[in-house]
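Accompanying notes for the structure given below.
Basis for what follows: all heavy atoms, side chains included, without hydrogens, waters or symmetry-related copies.
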Amino acid sequence: MAAEQSSHRVWILQATEQLIGSTLHGGAGVQRFMIDTLRLVKPSSLDRFSFSAAERQSIGAAMLMARVRVNDLTAALDLADAVRESRLSIAPVATDAVPAFLALEAALSEVALACGLSSVALEHGIRLADYAAALGDPRWIRRAHGLLAAAAAFGGEHVLAEDHLAAVQDLARHQGWDTGRAEYMEAIAESLLAFTHSDGARMDRLLPRVEALHEADASAASLVTMVRALSHVLHGRLHEAMTQASLLAMGKSQPFTPKLLRDYAVSVQAFLLILRGDPLRAQGVLRGLESSENHFLCTGTLRASAALQLQDYRGVLSGTSDCLQLRSAHNLWTLPQVLLRRSIADFRLGNTQTALHEFGDAVQLLHLSASGPAC
């Protein structure tokens, strides 16, 4: 029994080390059985092993990431809440324990991003960045900037996202790292920024870097499909874009396609149908799709676009009412799009003063987030 317990302990630590290492610069993909091992570990079972505090933090981080990798977001959120309430989230005193704390903060940020909680992701990313800078490990500094760039892009804070991506480039040059392969979170951020600003050249430059990431890590397959889909949209290849978006929405790119990417693909499908002048089909595609937590993925924007094409101006207003209720916490990227559509609807309904106020608010928010038109 003791030998079996010792073997299981070593196995958990090996799987933990590999999964955490896979998220750092130069890391390799993790075999599926290792993710399953960590996903199935129950926190209470760890008491049977003599893990140090640092090992417990690392294992907690790996358990969180494993749940995200298989789209078990409810379990990931529950575990994240338990971690925050426990002593696991306490910052270390000894320097040699810092990497485990960094892994835990990164995992908490990753869980938040997977669930569309950009402000929570930023909070953990900032803590990660502070401790990574103190430790001085460039791999963890890059990981922090990547998560912060993704969180800022999700939150519509595009200037901040660009700052973090620039910091990554500076770090890579200083370290002499090969820049031909993207890192996952940086690629998420850059693809969103390129799409938002209709920068097809930037998306084209990103695609081979994401494909190189996929060669090293099979779990990036859905990210490649997303970048391809968005590239096709920006270049006006709408049939090809629809094909790629459909593959992603159906989860054909890889098993356990991240839910946020899959939902985003559905929104791209609806956007393309609206571009084709088929608002009724767009409304059908959107049926059952819910906005993400802070409306980074804002179904109200798309439903309003479809309603405008149908000249259903009251439908525009009713379909975006929840966006106004959320206003102070609403995503800075999508809120201006909501307000512009409401402005048009109110103007058509004769509510001129309201329309002007909404238009003015939208312009101010566009300047604040430095974002351009989006779907």
Counting only heavy atoms not in [X], do more than 12 sit closer than 6.0 Å to its [atom1] atom?
X      : atom1 : result
Glu17  : CD    : no
Arg276 : CZ    : yes
Phe359 : CZ    : no
Arg314 : CZ    : no

Considering only heavy atoms from C-beta outward, does the side chain of [X] approach that of [Y] to under 4.5 Å?
X      : Y      : result
Arg237 : Ser231 : yes
Trp177 : Pro138 : yes
Arg262 : Asn71  : yes
Leu117 : Leu77  : yes
Arg303 : Gln283 : no
Ile188 : Tyr184 : yes
Arg228 : Val224 : yes
Glu55  : Leu13  : yes

Going from [atom1] on [X] to [atom2] on [Y], what distance comes out if it is rounded to the nearest 0.5 angstrom?
X      : Y      : atom1 : atom2 : result
Arg181 : His214 : CZ    : NE2   : 12.0 Å
Leu340 : Leu335 : CG    : CG    : 9.5 Å
Thr334 : Leu339 : OG1   : CG    : 9.5 Å
Ser267 : Leu272 : OG    : CG    : 9.5 Å
Leu135 : Asp130 : CG    : CG    : 12.5 Å
Met185 : Leu113 : CE    : CG    : 5.0 Å

- Might you work through the side chain to side chain contact (heavy atoms under 4.5 Å, CB included) test for His158 and His197, ending with a clear yes or no? CA-CA 10 Å; His158 293 170; His197 295 280; 3.9 Å; yes
- Query: Taking it one step at a time, do Val98 and Trp140 satisfy side chain to side chain contact (heavy atoms under 4.5 Å, CB included)?
  - Reply: CA-CA 11 Å; Val98 171; Trp140 280 110; over 6 Å; no
Looking only at non-hydrogen atoms, find the nearest pair between [X] and [Y] and report the distance.
X      : Y      : answer
Val233 : Ala241 : CG2-CB, 3.5 Å
Ala265 : Ala249 : CB-N, 3.7 Å
Ala153 : Ala189 : CB-CA, 4.1 Å
Val338 : Cys298 : CG2-SG, 3.9 Å
Ala282 : Ala270 : CB-O, 3.7 Å
Thr257 : Gly251 : OG1-CA, 3.6 Å

- Task: Before giving the answer on salt bridge (Lys or Arg N to Asp or Glu O under 4.0 Å), spell out for Arg205 and Glu190 the whole-Å C-alpha distance, their side-chain angles and the decisive distance to 0.1 Å.
- Result: CA-CA 10 Å; Arg205 291 192 300 272; Glu190 190 157 2; 5.8 Å; no
- Matching residue for Val227 among Met203, Arg209, Gln244 - test: side chain to side chain contact (heavy atoms under 4.5 Å, CB included): Met203
Has [X] got a side-chain atom pairing as donor or acceptor with [Y]'s backbone, closer than 3.5 angstrom?
X      : Y      : value
Glu358 : Ser343 : yes
Ser291 : Thr299 : yes
Ser109 : Ala106 : no
Ser321 : Leu317 : no
Asp346 : Asn351 : no

- Message: Strictly below 4.0 Å, N to O, side chains only: are Arg143 and Glu110 in salt-bridge contact?
- Response: yes
- Message: Under 4.0 Å between a side-chain nitrogen and a carboxylate oxygen: does that hold for Glu162 and Arg202?
- Response: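 Salt bridge: yes.
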Consider only side-chain heavy atoms of I, L, V, M, F, W and Y, link residues closer than 4.5 Å, and tell whether [X] and [Y] are in one cluster.
X      : Y      : answer
Leu24  : Leu171 : no
Leu248 : Leu275 : yes
Phe296 : Leu286 : yes
Ile274 : Val266 : yes
Leu165 : Leu207 : no

- Please work out whether the ring planes of Phe101 and Tyr131 are parallel, tilted or perpendicular, with thresholds of 30° and 60°.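 Perpendicular.
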- Query: Taking the six-membered ring for Trp, are Trp333 and Tyr264 parallel (under 30°), tilted (30 to 60°) or perpendicular (over 60°)?
  - Reply: tilted
- Taking atom types as modelled, is there a side-chain donor on Asn294 or Ser118 under 3.5 Å from an acceptor on the other? yes
- Any chance the side chains of Thr301 and Arg341 put a donor and an acceptor closer than 3.5 Å? no
- Item | Leu108/Arg84 under side chain to side chain contact (heavy atoms under 4.5 Å, CB included): CA gap, chis, key distance, verdict | CA-CA 9 Å; Leu108 289 167; Arg84 291 189 195 95; 4.2 Å; yes
- Task: Start with the C-alpha gap between Glu290 and Asp263, add the side-chain angles, then the distance that decides, and say whether side chain to side chain contact (heavy atoms under 4.5 Å, CB included) holds.
- Result: CA-CA 9 Å; Glu290 297 182 357; Asp263 288 351; over 6 Å; no
